[in-house]
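Throughout, a chain's letter reflects where its sequence line sits, starting with A, and its residues are numbered from 1.
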Amino acid sequence: MRWTCLNTKYISSSSVLKPTYVTNTNNHFEFQRFQHYGWYQFRAVGDLPNESLPDTLHAKSVKNGSLDNLDVRNYVTSLYVKSNKLDYAHKLFGESPDRDVRSWTILISGFARIGYCRMVLELFKQMQIERVCPNQFTLSSVLKSCSSLSDFQMGKGIHGWILSNGIDLDVVLENSILDVYVKCGAFDYAEKFFETMKERDTVTWNVMMGAYMHIGDMGKALDLFRRLPFKDVASWNTIIYGLMRNGHETYALELLSEMVEIGPPFDKVTFSVALVLASSLYVLELGRQIHGRILRFGLQNDGFLRTSLIDMYSKCGKMEKALLIFKTLPLRTNSKFTCHETKTEVVSWSSMVSGYVRNGEYEYALLTFCSMVREQIMVDRFSVTSIVSACANVGILLLGQHIHAHIQKIGYKTDVHLGSSYIDMYAKCGSLNDAWMIFKQTVDLNVVLWTSMISACALHGQGKEAVRLFELMIQEGIKPNEVSFVVVLNACSHAGLLEEGCKYFSLMKEVYGIKPGAEHFTCMVDLYGRAGRLDEIKEFIHKNGISQLSSVWKSFLSSCRLHKNFELGKWVSERLLQLEPFDEGSYVLLSNMCAANHRWEEAAGMRRLMQQRGINKVAGQSWIQQKNQVHSFVMGDRSHPHSTEIYSYLDELIGRLKEIGYSLDVKMVMQDVEEEQGEVLLGYHSEKLAIAYGIMSTTSGIPIRIMKNLRVCTDCHNFIKYTSQLLDREIVVRDLHRFHHFKHGLCSCEDYW
DNA sequence: CTAGGGTTAG
């Protein structure tokens, strides 16, 4: 986990986030937004010779009275649809005195094409009320929308209706039905239906292949692919994408090159899939080559490929490149876009936002998000989710609340994606209560949501509560996955629950068949270490063959320090330095272990070695938010405008604390600090300065929240405990790994962090 | 006027 100190002056101006769209919580909400940004400002006409044709024709037919004719009206409507003026088409349709199947179909297929599924279903409902019998075209459009929305009931209903009304089923319609079942995850239905199909074409096979890939049955999918008599581009795309999603990137890459040799030429989707493949393999070179091919094919202006490129570069850590691609986005001129292009424009923006978040550049993420709002780009669910996650990592509660309110104003309901981000955000911003509130309010709880909540508890030192939740989750019939186990093992190790931890570790392997990864092993080593079972760690490492994992050795070493086992620590550190000769953490750990055992000479030697090897330590920094400003402090810092007052208040405070039993251990301050080392005397560590400022500048009663980029040292931890007692003040400290809640002289971590 | 394949969460 990496925290960032963010300067809110750039982003806190609340006017920036003023909601600009129509707020409505009913079903038409999406439609209104589309109207607001979408088609009405667009004039592009696709394949029409003259963009004003529908309007001209419309006006003409009104004049000569031919608009009373149903066929003419249908024709004009279809022209509007073609030119992406769906609002006009809809209006004309609504004003019609009579409509036939064709009128409905034109409109429904138009909305289905641009992916506006809710409108399709709404129209279909009206159609039924007016007792108009749908034809095959209508039905397949409606089914497409059902599958996009994963509306199983609706799809099943339509299927039943088709059967009972004796509608002719052709391949296209049958494929649509099959697709609905697959998309809704009803594989038993899909398979049963597949058996009854009269005719099967390439599309049918592709759908089935995709279905097998979706449930992770690679064998069946590959078998099908190999036996397929005719493979089109989509067959290749499906199989390559499926392999990749199932974690077989290398195999996917092999097939991609096979495709180059003997397969059909690439299309847009192939390029897109190939880019995702490059980024999941972290092979920037491959991505570059694909980019080159896209340029050669002249496809660089395709919206979807632009977002894929942005995504690839950002996943490979090249935000500058991503930004270059992003800048090729045509400016909004209100006349050039079609609906489809608007959609990919939105995705480009949200890709940028999530790219910045992924790369830890939260400030840019927030700025981009703000521009998005300002430029009136439709803020979609993706960008909203990303931005919540940016707030989580920035850790400013006020900002998070602000964004939360804004999202609610836009009208997005809290689904699982957003919900888990909210929980994470509130937890990381220090408000466990709000995290709980979101958790309790969300209706469809899935693994990710539960895992977020369990992680939230663990983060705030409530290990036992985390374990209780984990048990509850299993009782509710939710299957934990690998992340859930990382989180629960983490909770166990924080709370010192060795037995439970071991139980879950074997449960994971034996009952859930999850192969432990580096993180699980590290948690286990941590667990043994905190419980003081140092000898068992050696055995554990040997037994599991994990001696190449440096995180395991790091955890081992800090346990040696905790239990002051110098000899063993020495042995461990040799292994660690072999694995990570340039990692600052290893040196810091080692020097601290020496210090903990009063080996001052060796501790100093360690730091000298670091200097010789040119390894720099991250400077300790603490920050506190007051109103719209972030005040940050480093040790011994005098740059703050009120620094004189802060220091004299701190001295006075330390004096008063000493009266109730606090003693400043200079030696400890200088040495036993994991991160901030004692070049400056008297222990003006950054967190003390931040807390002093916090007390001075706020009224009593409200908790003081400070953040630190490193771990808290023992002395400061002590200092804060006494302060919370003396001033009867709640102090919340977020350090590198967790939250400490200080109250009445005690800390939620129970002095074990 | 019609089907299949491509980016969000812990």
Side-chain angles (χ1 to χ4, degrees), chain A residues 74 77-78 81-82 101-110 112-113 135-144 147 170-180 182-183 201-211 213 232-242 244-245 267-277 279 304-312 314-315 344 347-348 350-351 353-355 357-358 380-389 392 415-425 427-428 446-456 481-484 486-487:
Chain A
N74 280 344
T77 316
S78 78
V81 170
K82 262 193 195 165
V101 214
R102 267 184 57 85
S103 334
W104 288 96
T105 308
I106 289 165
L107 207 64
I108 287 178
S109 63
R113 197 162 51 86
N135 62 20
Q136 292 180 345
F137 300 130
T138 334
L139 288 169
S140 57
S141 289
V142 176
L143 284 168
K144 187 189 171 185
S147 76
D170 64 350
V171 215
V172 175
L173 198 50
E174 284 194 318
N175 283 339
S176 310
I177 294 168
L178 185 66
D179 183 53
V180 171
V182 167
K183 285 276 164 57
D201 62 358
T202 317
V203 176
T204 320
W205 296 112
N206 288 346
V207 173
M208 284 313 281
M209 227 159 57
M213 278 306 192
D232 63 1
V233 211
S235 319
W236 287 89
N237 293 342
T238 311
I239 200 85
I240 293 172
Y241 181 70
M244 190 180 63
R245 286 303 286 251
D267 71 350
K268 286 179 192 175
V269 180
T270 324
F271 281 123
S272 172
V273 171
L275 285 170
V276 179
L277 183 60
S279 59
F304 220 117
L305 287 182
R306 188 169 32 232
T307 58
S308 299
L309 281 167
I310 292 175
D311 229 58
M312 184 275 290
S314 85
K315 278 184 186 144
T344 61
V347 183
S348 293
S350 80
S351 292
V353 174
S354 66
V357 173
R358 199 181 359 249
D380 66 347
R381 286 188 159 274
F382 295 101
S383 23
V384 150
T385 308
S386 297
I387 213 67
V388 172
S389 146
D415 64 350
V416 278
H417 291 278
L418 250 178
S420 39
S421 297
Y422 281 143
I423 291 174
D424 190 47
M425 183 266 286
K428 286 185 178 159
N446 72 352
V447 217
V448 183
L449 236 124
W450 279 93
T451 307
S452 312
M453 197 58 228
I454 296 168
S455 162
N481 62 15
E482 60 279 0
V483 186
S484 323
V486 171
V487 166

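- In this structure, of B:dC1, B:dT8, B:dG10, it is B:dG10 that holds the atom nearest to the side chain of A:V483.
- Residue-level contact check: A:T238 touches the backbone only, with heavy atoms under 4.0 Å from sugar-phosphate atoms and none from bases.
- Applying the side chain to side chain donor-acceptor pair (under 3.5 Å) test to A:T451 and every residue at least two apart in sequence or in another chain returns A:S484.
- Distance from the side chain of A:S235 is smallest to B:dG4 among B:dG5, B:dG4, B:dG10.
- Listed candidates were B:dA3, B:dC1, B:dG5. Nearest to the side chain of A:K183 is B:dG5.
- As judged by a 4.0 angstrom heavy-atom cut-off over every strand, A:T138 is placed among residues making no nucleic acid contact.
- With hydrogens and angles ignored, a donor-acceptor pair under 3.5 angstrom links the side chain of A:N481 to the base of B:dG10.
- Following rounding to the nearest Å, A:D424 (CG) and B:dT8 (C1') show an atom-to-atom distance of 14 Å.
- Residue contacts for A:D232: at a heavy-atom cut-off of 4.0 Å it reaches a base atom on one of the strands shown.
- Taking each heavy atom of A:S140 and A:L173 in turn, the nearest pair found is N-CD1, 3.7 Å.
- Nearest nucleotide to the side chain of A:H417, out of B:dC1, B:dG10, B:dT8: B:dT8.
- Within 4.0 Å of A:S420, counting heavy atoms only, lies at least one base atom of the nucleic acid.
- Checking A:T238 against A:N206 by side-chain atom types alone, no donor-acceptor pair falls below 3.5 Å.
- The base of B:dG5 lies close enough to the side chain of A:D267 for a donor and an acceptor atom to sit less than 3.5 Å apart.
- One N or O donor and one acceptor, one from the side chain of A:T451 and one from the base of B:dG10, sit under 3.5 Å apart.
- Among the atoms of the strands shown, base atoms are found under 4.0 Å from some heavy atom of A:V269.
- For A:S279, there are no side chain to side chain donor-acceptor pair (under 3.5 Å) partners at least two apart in sequence or on another chain.
- Side chain of A:D179, nearest nucleotide from B:dC1, B:dG4, B:dA9: B:dG4.
- Shown here for A:R358 and A:S314, the closest heavy-atom pair between the two residues is NH2-OG, 3.0 Å.
- Looking at heavy-atom distances under 4.0 Å, A:R358 makes no contact with the nucleic acid at all.
- For A:F382, the listed nucleotide lying nearest its side chain is B:dT8; candidates were B:dT8, B:dG4, B:dG10.
- Candidate nucleotides B:dG6, B:dA3, B:dA9 were compared by shortest atom distance to the side chain of A:V172, and B:dA3 ranks first.
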